[in-house]
2 protein chains.
Amino acid sequence: MAEQKLQTKNRSPGRPPRTDSFGKASDLRDSILDHAELAFAEAGFEGANLREIASLAGVNQALIRYYFGSKADLFDECFRRRGGVLAGHRHVNLDRLLEISENPSVEDLVFAYLKPQWDMKYSSPNGAAFVAMQARLHAEPEEHALRLRREVYDASVKRYISALSQVLPQVPKDIISVRMAFLVGAYLFMLNDLGRISDLTEGHLTSFGKDEMLDQLVRFLAAGLRAPV
Amino acid sequence: MAEQKLQTKNRSPGRPPRTDSFGKASDLRDSILDHAELAFAEAGFEGANLREIASLAGVNQALIRYYFGSKADLFDECFRRRGGVLAGHRHVNLDRLLEISENPSVEDLVFAYLKPQWDMKYSSPNGAAFVAMQARLHAEPEEHALRLRREVYDASVKRYISALSQVLPQVPKDIISVRMAFLVGAYLFMLNDLGRISDLTEGHLTSFGKDEMLDQLVRFLAAGLRAPV
DNA sequence: CTTGTTATTATTCAAATGAATAATTAATGT
DNA sequence: ACATTAATTATTCATTTGAATAATAACAAG
């Protein structure tokens, strides 16, 4: 991918002068995370390359090690950073919904769950990268991937399952759980694959904006959740 | 992963004697494909390792090159081998359905589409590996992955979209297309992730056998496809 | 039989890559 | 001022890895 020399700044070693008066907590650390996110999204864990990440982030490769340790640790940190924010948004959204009404609609619940990641995807290239990273993580069979996902998301998913269970008393809770898994699959795939759907639809899709697409998805999933048992 | 010496058979070079009287078309070639399938499923394209594949398949690494060329070519061949079979089954299933009745139920159509891969997953470890490989391929952002998927699956997907469109005249075709994409996402995720769902369900899931799970999925997706517009 | 072709191995090559170390400079506390 | 710590770089190391080549044995054809 990176044929060019990709030399990092040829600055002498040692701590660089603090130009800014504020203590703007480690700029470079964030830069590394940002570029790692992009790299992992594009090439996957194995495919991503520390030299390139370092180079694009404008730092020496050893700095990655200094801040994060191993490549795997870097990956985890990437994931947790945004994953935590995401899970937080989901909690907040659910709280709000339940404040307004005891029995929100299924559509509202689904929307509350999906919206944060949908927004993240369109907020910035890095947001989109994170979505891709996550889709990849879900396809990983590795033990490690599983643990990460659980750590970051399980709590919020369980809350949504409970809430759905309350507004759908006809559907047993274990079935709701399974359907929630279907939901996650559909929306992750969707988010990651969005650009390509137009192939299947022979161009019809151009009429759907991203908001409409989310609407479509919510409608589809809500109907599935409500399906008679 | 493979710490051991993993030496290939220490046989002298040159063509080995043909012990069997039948010309059982290249045993080793198939063995390579089988083990490559397992490796790609477990570790992804980048993560898989030709030396290990060769070793497990009981052949010299150079034989992979002899038969398939590059690693990427090997991957493609793996994918096409089973993907072709799968697409074939889908076509056959659809043909049968349409023979029986002009207007099959949405459930029947969904089932006809899903069943072949479901069976493949449970037919053998290699079948399961292929499913995992495919799930990974869908998470790949690479151009190459996209082309492969299209090559292998597009035709059958389009046929199913048409059939669904006929039995669901209330739903515009472009919406059916989008929903079909949701469907693919949900089922791929499901198939690949099956074992882990029980985490979310806190053990409730043990009561679902694999057939019941497929039933659940079909019900969910059919309801989604039917959702009012 | 001899010659060419096919299938297979052993071995080598060159590049990439994650990790590690040592050097260097700024900041900070005393 | 001085010593310690924090942040950063240049450089080296060891391993892995995909690819390539050369050797060799069985088989097939004439």
Side-chain angles (χ1 to χ4, degrees), chain A residues 1-33 36 39-40 43-76, chain B residues 1-33 36 39-40 43-76:
Chain A
M1 293 272 152
E3 312 302 38
Q4 299 304 68
K5 189 67 170 302
L6 272 185
Q7 181 83 20
T8 75
K9 281 191 273 253
N10 210 344
R11 170 170 67 195
S12 41
R15 187 181 214 170
R18 172 72 58 92
T19 50
D20 204 331
S21 45
F22 306 98
K24 49 170 178 176
S26 202
D27 215 355
L28 295 184
R29 188 174 187 279
D30 283 339
S31 177
I32 292 171
L33 279 175
F40 284 133
F45 179 76
E46 301 272 359
N49 162 256
L50 292 185
R51 273 176 175 75
E52 196 173 325
I53 292 173
S55 169
L56 291 171
V59 304
N60 186 281
Q61 193 191 153
L63 197 61
I64 296 182
R65 195 174 135 71
Y66 177 69
Y67 277 126
F68 303 98
S70 72
K71 186 183 184 183
D73 293 333
L74 173 62
F75 184 89
D76 289 4
Chain B
M1 297 274 151
E3 312 301 41
Q4 299 306 67
K5 191 65 170 302
L6 270 184
Q7 182 83 21
T8 76
K9 281 192 275 254
N10 211 344
R11 173 170 63 197
S12 39
R15 185 181 214 169
R18 172 77 53 94
T19 51
D20 202 330
S21 46
F22 306 97
K24 49 170 178 177
S26 201
D27 216 353
L28 295 184
R29 188 175 187 278
D30 283 338
S31 177
I32 292 172
L33 279 176
F40 285 133
F45 179 76
E46 301 272 357
N49 163 256
L50 292 185
R51 272 177 177 74
E52 195 173 325
I53 293 173
S55 169
L56 291 171
V59 304
N60 186 281
Q61 194 192 151
L63 197 61
I64 296 183
R65 197 174 134 72
Y66 176 71
Y67 277 127
F68 303 98
S70 73
K71 187 183 184 183
D73 292 334
L74 173 63
F75 184 89
D76 289 4

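All values below were derived from every heavy atom in this structure, side-chain atoms included, with hydrogens, water molecules and symmetry-related copies excluded. Please read all numbers here as calculations on a predicted model, not as lab measurements. Below, chain A is the first sequence line, B the second, and so on; all start at residue 1.
For B/A39, the side chain to side chain contact (heavy atoms under 4.5 Å, CB included) partners are B/A48, B/I53, not counting sequence neighbours. Legend: residues meeting side-chain hydrogen bond (donor to acceptor under 3.5 Å, both in side chains) with B/D76, ordered by chain and number and at least two apart, are B/H144. Evaluation of the ring pair (Phe, Tyr, Trp, His ring centres under 6.0 Å) rule for B/F75 yields B/F40, B/F45 as partners, not counting sequence neighbours.
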Working note: A/L33 + A/F68, criterion side-chain contact (heavy atoms from CB on, under 4.5 Å); need CA distance, chi angles, decisive distance, verdict. CA-CA 10 Å; A/L33 279 175; A/F68 303 98; 3.7 Å; yes

The test is side-chain contact (heavy atoms from CB on, under 4.5 Å); show your working for A/N60 and A/Y66 and say whether it passes. CA-CA 10 Å; A/N60 186 281; A/Y66 177 69; over 6 Å; no

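Side-chain N/O atoms of A/Y66 include one lying less than 4.0 angstrom from OP1 or OP2 on D/dA7. Taking only side-chain nitrogens and oxygens, A/N49 never comes nearer than 4.0 Å to OP1 or OP2 of C/dA16.
Contact detail for B/I64 and B/L50: the closest heavy-atom pair is CD1-O, 3.8 Å. Shown here for B/E46 and B/K71, the closest heavy-atom pair between the two residues is O-NZ, 3.3 Å. Scanning all heavy atoms of the two residues, the minimum distance from B/A54 to B/Q61 falls at CB-CA, 3.6 Å.
Going from atom NZ of A/K71 over to atom C1' of C/dA16 covers 11 Å, rounded to whole Å. Between the C1' atom of C/dA16 and the CD atom of A/E52 lies a distance of 12 Å, rounded to the nearest Å. Rounded to a whole Å, the CZ atom of A/F68 is 16 Å from the C1' atom of C/dG18. Note: CD1 (B/I53) to P (D/dT16) measures 17 Å, nearest angstrom. Rounded to a whole Å, the CZ atom of A/F45 is 13 Å from the P atom of C/dT17. One interatomic measurement links the two molecules: CD of B/E46 to P of D/dG18, which rounds to 9 Å at whole-angstrom precision. Remark: P of C/dT25 and CG of A/L63 are 17 Å apart, rounded to the nearest angstrom. Atom CG of A/L50 and atom C1' of D/dT15 are 15 Å apart (whole Å).
Closest contact between the side chain of B/L28 and the listed nucleotides C/dT8, D/dG18, D/dT8 involves C/dT8. Residue B/Y67 has its side chain nearest to C/dT8 when only C/dC13, C/dA19, C/dT8 are considered.
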Protein-nucleotides 20-24 of chain D N/O pairs closer than 3.5 Å?
unit_1	atom_1	unit_2	atom_2	d
D/dA20	OP2	B/R65	NH1	2.2
D/dA20	OP2	B/R65	NH2	3.1
D/dT24	O2	B/G14	N	3.1

I'd like a list of close polar pairs between nucleotides 1-4 of chain C and the protein, N/O only, cut-off under 3.5 Å.
none

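A/A48 comes within 4.0 angstrom of sugar-phosphate atoms only, judged by non-hydrogen atoms across all strands, and of no base.
To the nearest 0.5 Å, the span separating CD1 on A/I32 from CG on A/L56 amounts to 12.0 Å.
When the nearest nucleotides of DNA chain D are assigned to B/P16 and B/A72 by heavy-atom distance, the more 5′-ward of the two goes with B/A72.
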